[in-house]
Amino acid sequence: MSTLTFQGAVKEVTGSRYLIEVDGSDGSHRLLLECGLHQGGSDADETNAKPFGKLAHELEAVVLSHGHLDHSGLLPKLVREGFSGPIHCTRGTRDLLEIMLQDSAFIMAKDVEWENKWRKRNDKPLVEPLYELEDVERTLSLCESHPYGQPVDLPGGARLVFRDAGHILGSAIVELTVPSGGQEKRLVFSGDLGNPGSVLMKDPEKLYEADVVLMESTYGDRDHRPLDETLEEFARVLEEAHEAGGNVLIPAFAVGRTQEILYHLSVLYHEGRLRQQMVFLDSPMAIKVTELYHRARKALDAEDLKVLNIAASGDTSQYLPILRMTRTVDESMAINRIHGGAIIIAGAGMCTGGRIIHHFRYNLEKPNTRLVIVGFQAAGTLGRQIVDGAERVRVLGQDLAVKAKVHTIGGFSAHAGQTDMIGWAGAFRNNPRFYLVHGEPGTQEAFKAALAESGIEAEIPAYGDRIEL
């Protein structure tokens with residue numbers, strides 16, 4: 001029988017990884033579905049540093065649903081440790097990986113440099129990064145990209161098809177047909193399912209046939225607010241910030257969320273409802289991704305783009321004329337001289353590093369600042385502390401009072417909410433086995449109960465659990 005072993009994103013949101021051992025007619029073959037970085041939490045670094053061991057040499061292929069680092073961020077480490085097979089993904093994912101993995105390697109190099117300075121002074125052994133830029137280059141050279149809907153042959157007689165997940169550029173639902181015990185079994189991995197209400201992406205495809213479904217459950221305990229209500233709240237916060245005379249800080253999720261926020265700011269601008277005179281995109285990675293989205297416009301939702309094209313008379317440079325992309329450190333530092341009237345979108349999305357924390361130093365202690373949280377904040381992150389109501393936070397060695405007004409606007413999520421996920425799960429015929437992944441334990445229990453009410457039984461696997469396909 002072919003088997004699947006849960007090696008990550010079980011009872012947690014990040015670190016996606018599933019080992020598939022294919023029972024082929026010519027023997028056993030090992031495939032890896034996802035190879036994600038663990039993010040947030042006290043033991044993330046330790047978990048990420050664990051060697052792959054012999055698995056790196058035994059794997060014959062990797063299949064990737066999309067480019068977010070919690071699904072792809074350990075690929076260069078796998079390659080560094082000896083993997084040399086193909087990495088199957090979509091074209092959009094391949095293009096995003098180039099940006100995201102290079103950025104990840106660059107940040108790691110900086111972090112290790114700082115760490116080793118301290119270690120040298122204290123006579124401690126030096127540390128190495130998980131991977132370096134040359135490992136990223138080798139990883140990218142192994143990527144084989146495929147369009148949605150095209151069957152791809154894998155080792156052991158397995159077959160892969162990507163379906164549009166509607167989450168970010170290139171995101172896919174993974175459909176694997178695997179020989180098992182003399183039969184063909186179909187494994188479907190939802191990847192991260194998109195929010196049908198969000199802009200730029202198409203709706204997630206529904207699938208109808210599966211024997212086993214691995215299903216994400218990030219927002220399995222709730223629905224997002226309707227988009228029109230979300231946009232009204234967003235517009236109101238921006239108006240309030242203008243009246244108060246402060247800046248607006250938006251921690252940027254570089255892929256997907258930033259582009260969606262820019263879209264909505266563009267619409268508000270053309271409706272005459274954006275009172276701020278300056279919008280800064282202060283994240284080198286988010287800038288690169290935004291430029292990639294621009295080049296890949298044909299892959300985006302045509303109806304959404306039509307709104308902007310009409311407003312801007314077909315001139316893409318007029319989508320948001322007050323937007324400034326600040327690439328350099330000097331340009332970023334210059335923003336700190338602006339004490340009001342600016343919208344600053346800066347990385348990182350969970351406030352775990354990047355330029356947003358420098359803007360915190362200059363804005364977080366001002367009551368007229370508005371901090372707008374537009375994405376999921378994982379347990380253990382600075383963003384989560386602030387959302388949970390921390391009155392003081394530690395930023396770059398400084399103790400800061402959180403006097404800014406904090407707004408959490410969940411309706412912008414690029415993830416499907418509970419009702420949409422139940423609708424997606426309910427499309428499958430013949431009662432496949434469901435396993436919930438990518439969710440915090442309480443959320444997963446709530447989602448499991450909600451699925452049961454709809455007649456869908458689901459299990460919540462633990463790390464290391466192994467199932468037959």
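Only this structure's heavy atoms are used, side chains among them; waters, hydrogens and symmetry mates stay out.
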### Task
Flag the pair Trp424 / Lys206 as yes when at least one side-chain heavy-atom distance between them is below 4.5 Å, and no otherwise.
yes

### Query
Any side-chain donor paired with an acceptor under 3.5 Å for Glu12 and His38?
yes

### Task
Please indicate whether Lys77 has more than 12 foreign heavy atoms, meaning atoms of other residues, nucleotides or ligands, lying under 6.0 Å from its NZ.
yes

### Message
Could you walk me through whether Leu75 and Leu142 satisfy the side chain to side chain contact (heavy atoms under 4.5 Å, CB included) test, starting with their C-alpha distance in whole Å, then the side-chain angles of each, then the deciding distance to 0.1 Å, before giving a yes or no?
### Response
CA-CA 10 Å; Leu75 278 172; Leu142 297 174; over 6 Å; no

### Query
For the side chain of Gln102 and the backbone of Ile99, is there at least one donor-acceptor N/O pair under 3.5 Å apart?
no

### Query
Would you call Glu58 and Arg30 a salt bridge, taking side-chain N to carboxylate O under 4.0 Å as the test?
yes

### Query
Is Arg80 salt-bridged to Glu134, cutoff N-O under 4.0 Å?
no

### Query
Got a salt bridge between Glu459 and Arg433, using NZ or NE/NH1/NH2 to carboxylate O under 4.0 Å?
no

### Any side-chain heavy-atom pair of Leu69 and Gln39 under 4.5 Å
yes

### Task
Report the C-alpha distance between Val174 and Phe162 in whole Å, list the side-chain angles of each, state the deciding distance to 0.1 Å, and finish with yes or no for side chain to side chain contact (heavy atoms under 4.5 Å, CB included).
CA-CA 5 Å; Val174 176; Phe162 289 123; 4.0 Å; yes

#### Entry: Crowding at CZ, Arg138 (>12 non-hydrogen neighbours, <6.0 Å)
yes

### Query
Looking only at atom types and distance, does a side-chain atom of Asp282 sit under 3.5 Å from a main-chain N or O of Ala346, one as donor and one as acceptor?
no

### Query
Any side-chain heavy atom of Leu265 sitting closer than 4.5 Å to one from Ile345?
yes

### Query
Would you call Glu46 and Lys50 a salt bridge, taking side-chain N to carboxylate O under 4.0 Å as the test?
no

### Query
Where the side chain of Ser171 meets the backbone of His66, is there a donor-acceptor pair that is under 3.5 Å apart?
no

### Message
Strictly distance-based, threshold 3.5 Å: is any side-chain N or O of His167 a donor or acceptor partner for the main-chain N or O of Ala414?
### Response
yes

### Message
For Val63 and Leu154: C-alpha separation, side-chain torsions, deciding distance, then whether side chain to side chain contact (heavy atoms under 4.5 Å, CB included) applies.
### Response
CA-CA 10 Å; Val63 176; Leu154 299 179; 4.1 Å; yes

### Query
Is a side-chain donor or acceptor of Asn247 paired with a backbone partner of Ala342 at a separation under 3.5 angstrom?
yes

### Query
Yes or no on ring-ring contact (aromatic ring centres under 6.0 Å, His included) for Phe6 and Tyr435, after CA distance, side-chain angles and deciding distance?
CA-CA 10 Å; Phe6 296 90; Tyr435 295 89; 5.7 Å; yes

### Query
Can you say whether the rings of Tyr219 and Phe376 are parallel (under 30°), tilted (30 to 60°) or perpendicular (over 60°)?
perpendicular

### Query
Quick one: are Leu469 and Leu176 in side-chain contact, heavy atoms under 4.5 Å?
no

### Message
Looking at Ser180 and Ser2, would you say the former's side chain and the latter's main chain have a donor-acceptor pair under 3.5 Å?
### Response
yes

### Query
If we only count heavy atoms from C-beta on, is the Tyr131 to Leu101 side-chain gap below 4.5 Å?
yes

### Task
Run the salt-bridge test on Asp164 and Lys202 with the 4.0 Å N-O cut-off and return the result as yes or no.
no

### Task
Run the salt-bridge test on Glu291 and Arg295 with the 4.0 Å N-O cut-off and return the result as yes or no.
no

#### Entry: Side-chain donor/acceptor of Arg324 to backbone N/O of Met278, under 3.5 Å
no

### Message
Do Val307 and Val199 make a side-chain contact, defined as non-hydrogen atoms from C-beta onward lying under 4.5 Å apart?
### Response
no

### Query
Going by distance alone, is a donor N or O of one side chain under 3.5 Å from an acceptor N or O of the other, for Asn195 and Ser413?
no

### Query
Is a side-chain donor or acceptor of Ser190 paired with a backbone partner of Glu216 at a separation under 3.5 angstrom?
yes

#### Entry: More than 12 heavy atoms of other groups within 6.0 Å of Glu331 CD
yes

### Query
Has the side chain of Asp70 got a donor or acceptor atom that lies under 3.5 Å from a matching backbone atom of Gly36?
no

#### Entry: Heavy-atom check, side chain of Val161 versus side chain of Tyr148, under 4.5 Å
no

### Query
Can you check whether Val178 reaches His29 side chain to side chain, under 4.5 Å on heavy atoms?
no

### Task
Output yes when a side-chain donor or acceptor of Thr139 lies under 3.5 Å from a complementary backbone atom of Asp135, and no otherwise.
yes

